[in-house]
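In what follows, chains carry the letters A, B, and so on, assigned in the order in which the sequence lines appear, proteins first and then strands, with residues in each chain numbered from 1. Just so you know, these numbers use all the heavy atoms, side chains as well, and skip hydrogens, waters and symmetry mates.
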Amino acid sequence: MIKKLIKRIAGLIFILVILSFLVFLLMYLAPGDPAEKRLTSQGVAVTKQVLDAERERLGLLKPFLVRYAEWLFGVVRGDFGVSFKDDMPVAPKLLQGLKNTSILALSSLIISIVISFTLGIVSAEKKNGIADHIIRVFSFVSNSLPNFLIAVLLMYFLCIRLSLFPVIAKGDFQGLFMPVISLAIPMTGRFVRQMRAEFMAQLSEDYVTGMRGRGVKRRFILFNVIRNSLGHIFTIVALQIGTLMGGSVVIESIFRWPGIGKLVMDSITARDYPVIMGFVVIMGTIYVLINQLSDVLCHKLDPRTRL
Amino acid sequence: MKKRIAKIKIIFVSILALLLIFVTCFAGLFAHNDPYATNALAIRTAPCLQYPFGTDNLGRCVFARVLYGGRTTIAATFLLVFISFVIGTVVGMIAGYFGGLADRLLMRFADITLAFPQMVVAIAVAGILGTGMTGAMISLGITMWVSFARLSRSHTLSLKNEGYIQTAFFAGKSDLYIIMIHIFPNLLAPVFTNALTQIGTTMIGLSGLSFLGLGVIPPKAEWGSMISEARAYIQIAPWAVFYPALATIVTIIVFNYLGDAVMDYREA
């Protein structure tokens, strides 16, 4: 067990190092010179000498591997460098954004898990009934909707037509409602489909037939079914975290939610490389960690699965 | 019986899908206005006879732009899925057939690619490569080929031990011949089904990138970027958002349903 855990952690570190290397390589190969971009945005007349001095100051002239190593050691210590845009350290910006994104992402995750869990059970138990058909159509359609479309349509109907909500989100509960719903709808669609399949697989197991034969009450059967599918449900949820991260970039830009996604979109326009690199590294790390954790949890909940 | 219902479903949805492709391919036959011609006299006109879907902020015909934009979206999606399909299948077959070090390296590489969140990588890559549909396609393609590679590898592994492959081998057929004539046709069905189910997701991803401004370069018509542009004046001209939105939803639903129907047929 401990040996396996160590092996996992080593694999994790390996993957993260590769991620950071690829990210750095990408920035290195990227078109556009950050030094020049920076100078022109500050209104300095760009001459050869000024440009070279600026490159020297930003450390752009050092060899690739040296720059990578310096950056990586900084990142490990929690220092993501300074922003090209305003010379402020990147880490606090990312952290602040991450906090806001977590509020948004976690609320929509919890809402869609609660809804899809209930719908999944109803749908699987009353297979081919009216409720099942309605739920399946709902989940199919919402799975086919891009979240930016949901956001734009919600904005039109709720903010402009019915003026129930402000168009630009403030940091309060009212401002949180629409981004959360736009993120939750497509996710719920996917969860319902997968959870329904999982519950149905459990319901067709021999132990369920046995319990039914012995006349065990419905809720006790359901209790057992839910207990046995919990491990897989963790995996289903963990795999959706990546989609959730991508979706929150879109949603945050639409609703101007001050999260890490909006930060990265602003940085892409400004070619502010340290912020983009920090974003990918942080999101990648969270994603990898969550997936590893869900594997371990899955094993704990269902010891038959291999770790 | 179940199989027949599934078959009828597939035929019905395929006709719809082909219709969509046909309409966007021959957009010139249906749309009489130039999608790029601006008209200062007809800015944000409501839908009427001359402009069936109304006009946008620059007086461009939304109907024509939806049709031509569909060409961009659908063509880019199909091209991306096709390229990922080819690369993934070739890599998967080689890895599965020859095994050994190449197999281990390729699969390790595939595992690492899968360890990253796809859309996060796509946004960063597309953002850095600069705008343009090619950048958006590359950024999504980086992670997309992996599912094809894994699928075709696992099928190649199970096919490799079949009697007829052994026979072909002992009859002195070359590796290339065995892969192309015996293995490829046999794994085509499952891998093709996977390609179909990927179309909807890819379309969502590509139009999402365009919406963020990481896809097509502005004057070019594309549904995601049209919605993003028209969103600013949705109060005055909601039709400039609704019709591209409707087109996106219908297209994604049709292709997702096609993927589901084919999956049902193969399982039934």
Side-chain angles (χ1 to χ4, degrees), chain A residues 11-12 14-16 18-19 22-23 26-27 29-32 140-141 143-153 155-156 159-161 167 186 193 239 241-250 253-254 261 264-265 267-269 271 273 276-277 279-280 282-284 286-288 290-292, chain B residues 108-109 111-131 135 139-140 142-143 200-201 203-214 223-224 227-228 230-231 234-236 238 241-242 244-257 259-260:
Chain A
L12 208 85
F14 177 68
I15 283 181
L16 289 177
I18 294 212
L19 172 73
L22 290 179
V23 171
L26 196 65
M27 298 293 156
L29 299 172
F140 176 77
V141 171
N143 184 29
S144 306
L145 296 175
N147 46 23
F148 68 87
L149 251 179
I150 299 176
V152 170
L153 295 181
M155 226 170 179
Y156 180 71
C159 299
I160 297 172
R161 271 294 161 87
V167 176
R193 279 161 77 90
L239 282 174
I241 301 286
T243 323
L244 182 63
M245 287 171 173
S248 74
V249 175
V250 181
S253 321
I254 295 177
V264 80
M265 280 318 293
S267 307
I268 284 175
T269 351
R271 294 226 155 268
Y273 292 164
I276 310 176
M277 292 197 278
F279 166 76
V280 179
I282 288 181
M283 290 315 216
I286 294 175
Y287 182 69
V288 172
I290 287 180
N291 274 299
Q292 295 285 340
Chain B
R108 180 37 80 89
F109 185 62
D111 283 343
I112 290 173
T113 339
L114 274 193
F116 307 141
Q118 187 187 15
M119 205 54 191
V120 169
V121 172
I123 287 170
V125 173
I128 292 155
L129 287 178
T131 44
S139 70
L140 279 172
I142 289 176
T143 41
T201 332
M203 225 172 246
I204 292 180
L206 273 178
S207 55
L209 285 178
S210 288
F211 181 86
L212 285 174
L214 301 174
W223 294 337
I227 296 168
S228 167
R231 175 167 72 94
I234 189 171
Q235 266 167 298
I236 319 168
V241 171
F242 284 165
L246 195 69
T248 314
I249 295 173
V250 168
T251 314
I252 292 172
I253 284 182
V254 165
F255 282 107
N256 270 350
Y257 199 72
D260 277 15

Check: When you look at A:Asn147 and B:Ile204, which way does the side chain to side chain contact (heavy atoms under 4.5 Å, CB included) test go after all the steps?
Finding: CA-CA 9 Å; A:Asn147 46 23; B:Ile204 292 180; 6.0 Å; no

Item checked: chain A contact via B:Ile227 - which portion, at a heavy-atom distance below 4.5 Å -> side chain

Notebook entry, point to check: Where do A:Tyr287 and B:Gln118 land on the side chain to side chain contact (heavy atoms under 4.5 Å, CB included) test, with the steps shown first?
Noted result: CA-CA 10 Å; A:Tyr287 182 69; B:Gln118 187 187 15; over 6 Å; no

Checklist line | Heavy-atom neighbours of B:Phe109 CZ exceed 12 at 6.0 Å | finding: no

Next item on the list: Would you mind telling me which of A:Val280, A:Ile276, A:Val141, A:Val152 has the largest number of heavy-atom pairs within less than 4.5 Å of chain B?
Entry: A:Val152

Notebook entry, point to check: For the atom pair CG (A:Leu149) and CD1 (B:Ile252), what is the distance rounded to the nearest 0.5 Å?
Noted result: 7.5 Å

Note to self: Once you measure the plane-to-plane angle for B:Phe211 and A:Phe148, does it fall in the parallel (<30°), tilted (30-60°) or perpendicular (>60°) bin?
What the structure shows: parallel

Notebook entry, point to check: Is the closest side-chain heavy-atom distance between A:Met265 and B:Leu212 below 4.5 Å?
Noted result: yes

Next item on the list: Compare every heavy atom of B:Thr248 with every heavy atom of A:Pro146, then report the nearest pair and how far apart it is.
Entry: CG-CG2, 4.1 Å

Next item on the list: Report the distance from atom CD1 of A:Ile18 to atom CD1 of B:Ile112, rounding to the nearest 0.5 Å.
Entry: 3.5 Å

Next item on the list: Give, as side chain, backbone, both or neither, the part of B:Val125 having an atom under 4.5 angstrom from any heavy atom of chain A.
Entry: both

Next item on the list: Kindly give the heavy-atom pair with the smallest separation between A:Gly246 and B:Ile123, and that separation in Å.
Entry: O-CD1, 4.1 Å

Checklist line | Approximate separation, where rounding is to 0.5 Å, of A:Ser144 OG and B:Asn256 CG | finding: 4.0 Å

Next item on the list: Mind checking salt bridge (charged side-chain N to carboxylate O under 4.0 Å, His left out) for A:Arg193 and listing every partner two or more places apart, or none if nothing turns up?
Entry: B:Asp260

Next item on the list: Measure distances from B:Phe255 to the heavy atoms of chain A and classify the residue's part below 4.5 Å as side chain, backbone, both or neither.
Entry: neither

Margin query: Let me confirm one number: the CD1-CG distance from B:Ile249 to A:Leu153, rounded to the nearest 0.5 Å.
Written below: 6.0 Å

Next item on the list: Please report the closest heavy-atom contact between A:Gly242 and B:Pro117, naming both atoms and the distance.
Entry: CA-CB, 3.7 Å

Checklist line | When B:Ala124, B:Ser207, B:Gly200, B:Ser228 are compared by non-hydrogen pairs under 4.5 Å with chain A, the top option | finding: B:Ser207

Check: Heavy-atom distance under 4.5 Å to chain B: side chain of A:Leu244, backbone, both or neither?
Finding: neither

